[in-house]
Amino acid sequence: MTLKLVYFAWVRERVGKVEEEILPPASVATVAELIGWLAGRGEEYAYAFENPKVIRAAIDRNHVRPDSAIAGAKEIAFFPPMTGG
Amino acid sequence: MTLKLVYFAWVRERVGKVEEEILPPASVATVAELIGWLAGRGEEYAYAFENPKVIRAAIDRNHVRPDSAIAGAKEIAFFPPMTGG
Amino acid sequence: MTVRLQREDFDAAAEAAKLTHGRTDIGAVVTFTGICRGSESGDPIKALTLEHYPGMAEAEIARHVDDAKARWPLLGVTVIHRYGRMQPGENIVLVVTASSHREAAFAAAEFLMDYLKTRAPFWKQVEAAGEKSWVAAKDTDDAAADRWSKSRDAAE
Amino acid sequence: MTVRLQREDFDAAAEAAKLTHGRTDIGAVVTFTGICRGSESGDPIKALTLEHYPGMAEAEIARHVDDAKARWPLLGVTVIHRYGRMQPGENIVLVVTASSHREAAFAAAEFLMDYLKTRAPFWKQVEAAGEKSWVAAKDTDDAAADRWSKSRDAAE
């Protein structure tokens, strides 16, 4: 099943895309595993996800942790720690 | 030496005066003693100062405690606990 | 620093604008507006009359603004307290604090409001159902004001 | 409750007036205005660009306003967060809280600002000396936001 990924701030700049549709292998079950899989997709992804600790994620617009399951997700967002206000 | 007394809120209403000049006896040395002396000056004073615990005082526009000396004071104010804001 | 006691209403937005006008070092502005409510302890009220100690009130507030400026890195403070008769819905008091960051602006505004509620020489009288009565001081306000002296002691 | 994300500037006074208009149950209004400063960590900046996650930002803020309303007896809350490019001196964010008493209004405004600084999906990019860089999250902001979950745990 395809999954929509969206990127913000420097994650977006490093990946070089605002969003994309992907089809991860069935073995990728969690957010952390998805990050690991994405990092192997090329130089720009390796750069964007070089330090998974500073990557925040949201599944269908809710903050999630690295060990959250991605099953059933329609949209997953990756971004740096928030700096609003 | 005469001393100016000023009253606020219900202390003013009970005493029935906004301010007055008094000449307390030399034996009256502290704010608490002045309150005690005032309470003996008549019904309205007895009523105003019936509960010294809820009376606040200021000497020359600075908050003071009951045991503060009144020597050198020009203006002493008596009032209930403040309810501004 | 602006400290004013007045009968007239104030314009909170205009006062805040005066603090920030032409500056780019201010990152946070907090305004607190205290308003006359239509009921006091559940009973409807017709009006509030604020009495104050002229001369002392202004000096005391200014001293506390200085105290706030010594505690927090403030870039501007305005305190306006009205006196006289006010009806429900009318403004009573305004505190505006400006700083580079929000922590100082929030803390100073709360500190000044806690002070104004408990130590500034003002007294509120309520008119309700034809009767006038003086508002009693609240223990919760005293406790709120006390927390600042505690934190100061702890810091010393 | 009003939650708005917009490019345009906002009018803090008009937003506060909307909350209080025609009511006499509100005794305290706190407004917090966050402003773009002319320097960041000591270096002069030319402009700030705020990126956000459309759809998520509005829903997340609304959820936190609901949370604030569950914690404190609020009579009105307005949150407006701008996005896009802003120059020093321009408004970034507005939080207005209204309550019968000051404690709730102050606490809720601080809670919402701590949240907006750390958990709302916004990212600040700074333009300085021709270079653009993303603002790093501050540990102090995280600590400020964390205190609310601690106090909640303690209350449970």
Side-chain angles (χ1 to χ4, degrees), chain B residues 2-22 31-32 34-35 38-39 43-85, chain C residues 3 5 32-37 40-41 48-64 79-84 86 91-95 109-126 132-142 144-145:
Chain B
T2 64
L3 186 62
K4 183 182 177 186
L5 296 187
V6 291
Y7 307 109
F8 293 97
W10 55 254
V11 178
R12 170 179 55 70
E13 289 181 337
R14 291 182 180 190
V15 168
K17 290 176 188 169
V18 170
E19 58 178 67
E20 63 181 320
E21 300 276 335
I22 57 152
V31 169
L34 181 58
I35 288 174
L38 285 167
E43 236 175 64
E44 67 276 31
Y45 290 94
Y47 181 37
F49 296 103
E50 66 182 356
N51 186 1
K53 275 193 184 174
V54 297
I55 301 291
R56 301 286 178 269
I59 293 183
D60 296 333
R61 302 178 178 181
N62 288 297
H63 290 294
V64 292
R65 293 166 180 279
D67 59 2
S68 299
I70 64 167
K74 285 179 189 135
E75 178 176 299
I76 301 188
F78 292 106
F79 41 79
M82 288 69 79
T83 54
Chain C
V3 173
L5 304 186
F32 176 90
T33 310
I35 300 167
C36 177
R37 279 176 295 120
E40 184 75 33
S41 315
L48 211 60
T49 300
L50 263 142
E51 180 171 330
H52 74 298
Y53 187 170
M56 179 169 172
E58 206 152 357
E60 263 271 305
I61 295 173
R63 252 202 315 270
H64 279 78
V79 177
I80 301 176
H81 204 307
R82 292 179 67 195
Y83 58 85
M86 283 152 237
N91 291 327
I92 302 174
V93 62
L94 174 72
V95 169
E110 286 190 71
F111 168 82
L112 288 168
M113 278 310 306
D114 285 348
Y115 157 70
L116 289 169
K117 286 270 174 187
T118 55
R119 298 273 295 168
F122 289 87
W123 300 273
K124 282 200 189 98
Q125 190 180 47
V126 155
K132 292 186 180 186
S133 58
W134 293 96
V135 174
K138 283 186 200 160
D139 290 345
T140 51
D141 285 331
D142 285 335

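Just so it is clear: chains get the letters A, B, ... in the order the sequence lines come, proteins before strands, and each one is counted from 1. None of the values given here were measured: they were computed from a predicted structure.
Judged by distance alone, with hydrogens and angles left aside, the side-chain atoms of C:Lys124 form a donor-acceptor pair with the main-chain N or O of B:Gly84 at under 3.5 Å. The backbone N or O of C:Asn91 sits less than 3.5 Å from a side-chain atom of C:Arg82, completing a donor-acceptor pair.
Within a 6.0 Å radius of CD in B:Glu43, other residues, nucleotides and ligands contribute 12 heavy atoms or fewer. By the 6.0 Å contact criterion, OH on C:Tyr83 is enclosed, its count of non-hydrogen atoms from other residues, nucleotides or ligands being greater than 12.
For a residue to count as touching a neighbouring chain, one of its non-hydrogen atoms must lie under 4.5 Å from one of that chain's; by this rule C:Ala57 does not touch chain B. Contact of B:Val54 with chain C is not made at all, since no heavy-atom distance falls under 4.5 Å. Contact of B:Asp60 with chain C is not made at all, since no heavy-atom distance falls under 4.5 Å. Proximity to chain B is limited to the backbone of C:Ala120, based on heavy atoms less than 4.5 angstrom apart. When heavy atoms are compared at a cutoff of 4.5 Å, B:Arg12 approaches chain C solely by way of its side chain, counted from C-beta outward.
Heavy-atom pairs under 4.5 Å with chain C were tallied for B:Ala77, B:Ala58, B:Ala9; the largest tally goes to B:Ala9. Interface remark: of the candidates C:Phe122, C:Trp134, C:Phe32, C:Trp134 forms the most heavy-atom pairs closer than 4.5 Å to chain B.
Screening B:Glu13, B:Glu20, B:Lys17 against B:Tyr7 for a side-chain hydrogen bond (donor to acceptor under 3.5 Å, both in side chains) leaves a single residue, B:Glu20.
Taking 4.0 Å as the cut-off between side-chain N and carboxylate O, C:Glu60 and C:Arg119 do not count as a salt-bridged pair.
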